[in-house]
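All residue numbers in this chain count up from 1 along the given sequence.
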Amino acid sequence: SSVMTLLLPQPGNDSLYHLFQPETNDRAGRIEYLHHTVINVLANGGKGLIKGSQKDRKILAYSGERVTAARHCNGKDWWVIGQRATDEQYSVWLLTDQGLSAAPVWTGYSGVYHNDFGAVGTYGHIKVSHDGSTLAEVTGSHYIEIHQFDPATGVISNGMEVMDRSTNQEDIYFCEFSSDNSKLYVSGGDAVYQMDLSNRNQDSIRNSKTVIYLRGTFGVENFLAPII
């Protein structure tokens, strides 16, 4: 499991923060909703206070563990990206100085739907590259996809699966881009793997997968990657 939690500042406001949190409802790890809460960090004498009724608002039903954010191309606003576990549909909201959009700005599909065993869509990780052009998706513990992301519209498209159950036998749950966006790092079992994205060809990316760190015990994570 790799449940993601996201905290973003509201653009143009030094006191309001937006918390996005998938809800795990049992020990089996099933996810029910993606929740949204607005927090005023300066209220209550600096101790913080949840803003009015904006606590644990359910903004996405049947959510997977995955939630992430990307900068809008205007350099100020944020795109908030969630994904439904049941069919891997993406939902994208816009966070501006007026708050979060009441409904997703864009919903849609990209890439492959992985329905080979129960709850596979629940587990995994999503991350947008530092230049805002690419979204990486880890689904289940074997599937890795690369999508195009448009930071002007929030649209996700042209998904390409670079690892599947037949080409990846390791337990993979996490992903991160190198700071120059040329490499993708994935981990989650006992190792960290590097994949070269300079040639956006499926076979080229698959064949570039190499081990760069081996720990020998379960649970390697990576959230900020270097240039290698």
Side-chain angles (χ1 to χ4, degrees), residues 2-13 16-23 31 33-39 54 56-114 121-122 124-139 143-162 174-182 184 197 200 223-224:
S2 58
V3 178
M4 304 177 71
T5 299
L6 178 67
L7 183 66
L8 293 174
Q10 181 164 310
N13 193 303
L16 296 183
Y17 281 75
H18 294 252
L19 176 66
F20 302 88
Q21 181 179 8
E23 169 198 9
I31 305 296
Y33 292 96
L34 176 62
H35 291 260
H36 170 231
T37 298
V38 182
I39 305 167
Q54 299 186 47
D56 288 339
R57 293 195 311 115
K58 297 174 180 179
I59 62 173
L60 179 63
Y62 308 111
S63 173
E65 294 180 332
R66 301 177 286 279
V67 60
T68 194
R71 276 287 191 187
H72 191 285
C73 64
N74 63 19
K76 180 183 69 172
D77 300 328
W78 293 97
W79 297 109
V80 177
I81 306 168
Q83 191 176 29
R84 203 159 56 191
T86 49
D87 59 1
E88 299 174 44
Q89 182 189 59
Y90 279 104
S91 292
V92 183
W93 297 262
L94 183 61
L95 178 61
T96 70
D97 57 3
Q98 300 300 307
L100 187 71
S101 57
V105 173
W106 180 83
T107 59
Y109 300 91
S110 174
V112 178
Y113 172 42
H114 309 101
T122 299
H125 206 82
I126 52 176
K127 201 66 182 285
V128 177
S129 60
H130 308 294
D131 63 1
S133 67
T134 305
L135 174 71
E137 173 194 339
V138 175
T139 303
Y143 305 101
I144 304 170
E145 290 184 80
I146 302 296
H147 310 265
Q148 290 182 0
F149 181 73
D150 187 340
T153 64
V155 172
I156 300 164
S157 61
N158 297 320
M160 176 174 63
E161 189 172 67
V162 295
F174 308 98
C175 58
E176 177 58 277
F177 290 88
S178 65
S179 55
D180 68 350
N181 307 298
S182 68
L184 179 69
L197 305 180
R200 294 301 177 93
F223 294 102
L224 184 61

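Side-chain contact check for Leu60 versus Phe20: every heavy-atom pair is 4.5 Å or farther apart. Using a 4.5 Å cut-off on side-chain heavy atoms (C-beta onward), Leu197 and Ile146 make contact. Looking at Val92 and Val105, their side chains never come closer than 4.5 Å, going by heavy atoms from C-beta outward. For the pair Ile81/Val128, a side-chain contact is recorded, criterion being any heavy-atom separation below 4.5 Å from C-beta on. Here the side chains of Cys175 and Leu184 are in contact, with some heavy-atom distance below 4.5 Å. By the 4.5 Å heavy-atom criterion applied to side chains, His130 and Phe177 are counted as neighbours. Between Thr139 and Glu88, the closest side-chain pair of non-hydrogen atoms falls below 4.5 Å. Side-chain atoms of Tyr90 and Leu135, non-hydrogen and from C-beta on, do get closer than 4.5 Å to each other.
Every residue two or more places apart in sequence or in another chain was checked for a ring-ring contact (aromatic ring centres under 6.0 Å, His included) with His35, and none qualifies. The side-chain hydrogen bond (donor to acceptor under 3.5 Å, both in side chains) check on Asn158 picks up Gln148, with sequence neighbours excluded.
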Please step through side chain to side chain donor-acceptor pair (under 3.5 Å) for the pair Arg200 and Thr134, ending with a clear verdict.
CA-CA 11 Å; Arg200 294 301 177 93; Thr134 305; 3.1 Å; yes

Steps toward side chain to side chain donor-acceptor pair (under 3.5 Å) verdict (Gln83, Tyr62)
CA-CA 9 Å; Gln83 191 176 29; Tyr62 308 111; over 6 Å; no

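Here CD1 of Ile59 is found 9.5 Å from OG1 of Thr37. Values are rounded to the nearest 0.5 Å. Atom NE2 of His18 sits about 14.0 Å away from atom CH2 of Trp93, to the nearest 0.5 Å. Atom CG in Leu34 sits 12.5 Å away from atom CZ in Arg84 (nearest 0.5 Å). One finds the CD atom of Glu176 at 10.0 Å from the OG atom of Ser129 (value rounded to the nearest 0.5 Å). Separation of atoms CD (Glu65) and OG1 (Thr5) is listed at 10.0 Å; rounding is to 0.5 Å. Separation of atoms CD (Gln21) and OG (Ser63) is listed at 11.0 Å; rounding is to 0.5 Å.
Minimum interatomic distance between Pro104 and Thr107 (heavy atoms only, all atoms of both residues): CB-CG2, 3.7 Å. Here the closest heavy-atom approach between residue Pro151 and residue Gly132 is recorded as CD-O, 3.5 Å. The shortest heavy-atom contact between Lys76 and Arg71 is O-NH1, 2.6 Å. Residues Pro22 and Met4 come closest through the heavy atom pair CD-O, 2.8 Å.
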Donor-acceptor pairs are to be reported for all side-chain atoms of residues 94-101 against protein atoms at under 3.5 Å, with residues two or more places apart or in another chain.
{"residue": "Thr96", "atom": "OG1", "partner": "Gln98", "partner atom": "N", "Å": "3.1"}
{"residue": "Ser101", "atom": "OG", "partner": "Leu94", "partner atom": "N", "Å": "3.1"}
{"residue": "Ser101", "atom": "OG", "partner": "Ala103", "partner atom": "O", "Å": "3.0"}

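Here the two rings, on His72 and Trp79, have centers that are under 6.0 Å apart.
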